[in-house]
Amino acid sequence: MSPAVDPDAVARPKFLPDPALSRAEMESLQRELAATATFADDHDLDPRAVAIDEPADLTDGVPDPRQETLPGTSDAGGSAAGNSDAPVVVGIDQAFLTPDDGEDRAVSAAVAIRGGDVIEYASAVTPLSIPYVPGLLAFREGEPMLAALEALDAEPDLLVCDGSGRIHFREAGVATHVGVLLDVPSVGVAKSLLCGTPDESTDGRPEGWRTPIRADESVETASAGGGAGDAADAADGDTPAAVIGHAYQSRQYPNSRRVNPLYVSPGHRVSAATTVEFVAALCAGYKLPEPTRIADAYADVAKRDAE
DNA sequence: GCGACAG
DNA sequence: ATCTTGTCGC
């Protein structure tokens, strides 16, 4: 047959968001993509290695990228932060330009963090092809995200996306979509639940609390995960439904129970259990993990500059 | 037909 | 996501 064809060279363009696709085609592509995704740990990252302890101060804009240690500037003191061997965590978020003249455009912002320090920012402005449709987010925001990530020099060891990953009707949320296209470990962080069912009520939980989100009738389980045997479908009476993510209470006020949890799920090459650990390690006192919190702020800056 | 749903 | 001031509570 066709000799020496690089699978990636074929697979990558195949799943690129395309405005010409019908809804059924997009859904079909998502099923294929989910079958390609790995919902098991396939990386070298220890949650402790990506942990961020100090929240960035965003009251006066975004933090300056940490200047690389210059050749002559020896850092003999040995500060723990800024180790250039630490993994690079990239947070990404989108903002939108109001249809001033009829064409919607997305502003995508990426922030690279290493050893708790911002080392680089990148952004891209992209025309939007399709409207927002629950379940098809990747076909609206995927292209902008890829554009921003391509503009980034840093190579992500872990990608933190806004929105769901495996918590998705076809287990192919944007975190999974982008993770697979770039074949990089990724996790999805959503502020509300798209589908699936929490094991326990999420009301008024203390900081650090978590509960599994399992596939329900609305989730087509592809059972494509990399590991040994994923759980079966939700409809299987016997086996418990697959855990597709977790609700995670990243922040809570002592007495009143007002903060809603985060809904975190594997994007690609990360298990559901490790996903919560990553997110927990990346939170530094605010509801959102630092990478997305800073990406949020930078998206505003990029948006302002684009207007 | 109704419900329900990331950003 | 976006349109938006003050304001109640930690």
Side-chain angles (χ1 to χ4, degrees), chain A residues 17 23 26-27 30 33-34 55 91-100 102-110 123 125-146 148 159-179 186-198 202 204 206-207 213 215-220 244-267 275 279 285-289 292-293 295-300 302-304 306-307:
Chain A
R23 174 175 186 137
M26 290 189 272
E27 293 178 347
Q30 289 182 326
L33 191 133
I92 187 160
D93 184 49
Q94 285 73 238
F96 300 88
L97 297 175
T98 312
D100 39 291
E103 25 194 61
D104 297 7
R105 289 182 300 164
V107 177
S108 191
S123 66
V125 178
T126 312
L128 288 166
S129 38
I130 68 172
Y132 167 69
V133 176
L136 298 179
L137 186 64
F139 289 95
R140 172 178 170 82
E141 304 188 0
E143 198 72 275
M145 292 171 71
L146 291 172
L159 194 56
V160 181
C161 301
D162 242 46
S164 293
R166 194 180 179 183
I167 295 181
H168 180 272
F169 307 122
R170 292 162 293 280
E171 299 188 313
V174 323
T176 299
H177 204 119
V178 174
S186 64
V187 298
V189 177
K191 292 179 288 297
S192 58
L193 189 59
L194 175 61
C195 60
T197 308
T202 62
E207 215 165 283
I213 303 292
D216 59 21
E217 316 75 48
S218 71
V219 179
E220 297 176 27
I244 56 178
H246 288 84
Y248 173 65
Q249 195 74 47
S250 54
R251 185 179 193 184
Q252 188 55 279
Y253 296 129
N255 296 313
S256 55
R257 36 139 217 174
R258 348 166 58 208
V259 183
N260 295 120
L262 251 25
Y263 296 92
V264 307
S265 58
T275 295
V279 174
Y286 289 85
K287 173 171 180 173
L288 295 175
T292 60
R293 212 182 132 243
D296 254 3
Y298 184 59
D300 285 338
K303 176 180 178 178
R304 180 174 55 72
E307 285 178 323

Using only atom types and a distance under 3.5 Å, with no angle test, would you say the side chain of [X] pairs donor to acceptor with the backbone of [Y]?
X	Y	answer
A:Lys191	A:Leu288	no
A:Ser123	A:Ala109	no
A:Ser186	A:Ala175	yes
A:Lys303	A:Phe96	yes
A:Gln249	A:Val259	yes

- [ ] Provide the start and end nucleotides, 5' to 3', of the part of DNA chain C that has atoms under 4.0 Å from heavy atoms of chain A.
- [x] C:dA1 to C:dC10
Task: Watson-Crick and G-U pairing of DNA chain B written in dot-bracket, each distance under 3.5 angstrom, with | for inter-strand partners - done: .......
Task: Pair assignment for DNA chain C - dot-bracket with | for other-strand partners, Watson-Crick or G-U under 3.5 Å - done: ..........
Open item on the list: I need the A:Gln94 CD to A:Leu128 CG distance, nearest 0.5 Å.
Closed with: 9.5 Å
- [ ] Kindly compute the distance separating OG1 (A:Thr176) from CZ (A:Arg170), expressed to the nearest 0.5 Å.
- [x] 12.0 Å
Quick one: closest heavy-atom pair of [X] and [Y], and the distance?
X	Y	result
A:Tyr286	A:Pro55	CE1-CB, 3.5 Å
A:Ser164	A:Leu194	OG-CB, 4.3 Å
A:Glu207	A:Ser250	CG-O, 3.4 Å

Open item on the list: Taking side chain to side chain contact (heavy atoms under 4.5 Å, CB included) as the definition, give me every residue that meets it alongside A:Leu193, ordered by chain and number, with sequence neighbours left out.
Closed with: A:Ile167, A:Pro198, A:Ile213, A:Tyr263
For nucleotides 2-7 of chain B, give me every protein contact, N/O to N/O, under 3.5 Å, one pair per line with atom names.
{"residue": "B:dA6", "atom": "OP2", "partner": "A:Tyr132", "partner atom": "OH", "Å": "2.8"}
{"residue": "B:dA6", "atom": "N7", "partner": "A:Gly135", "partner atom": "N", "Å": "3.1"}
{"residue": "B:dA6", "atom": "N6", "partner": "A:Gly135", "partner atom": "O", "Å": "3.1"}
{"residue": "B:dA6", "atom": "N6", "partner": "A:Leu136", "partner atom": "N", "Å": "3.3"}
{"residue": "B:dA6", "atom": "N6", "partner": "A:Leu137", "partner atom": "N", "Å": "3.1"}
{"residue": "B:dA6", "atom": "N6", "partner": "A:His168", "partner atom": "NE2", "Å": "3.4"}
{"residue": "B:dA6", "atom": "N1", "partner": "A:Val174", "partner atom": "N", "Å": "3.3"}
{"residue": "B:dA6", "atom": "N3", "partner": "A:Ser164", "partner atom": "N", "Å": "3.0"}
{"residue": "B:dG7", "atom": "OP1", "partner": "A:Lys191", "partner atom": "N", "Å": "2.9"}
{"residue": "B:dG7", "atom": "OP2", "partner": "A:Ser192", "partner atom": "OG", "Å": "3.4"}

TODO: With sequence neighbours left out, write down each residue that passes ring pair (Phe, Tyr, Trp, His ring centres under 6.0 Å) with A:Phe139, or none if nothing qualifies.
DONE: A:His177
TODO: Give A:Ala106 one of three labels, base, sugar-phosphate or nothing, depending on what nucleic acid heavy atoms sit under 4.0 Å from its own.
DONE: nothing
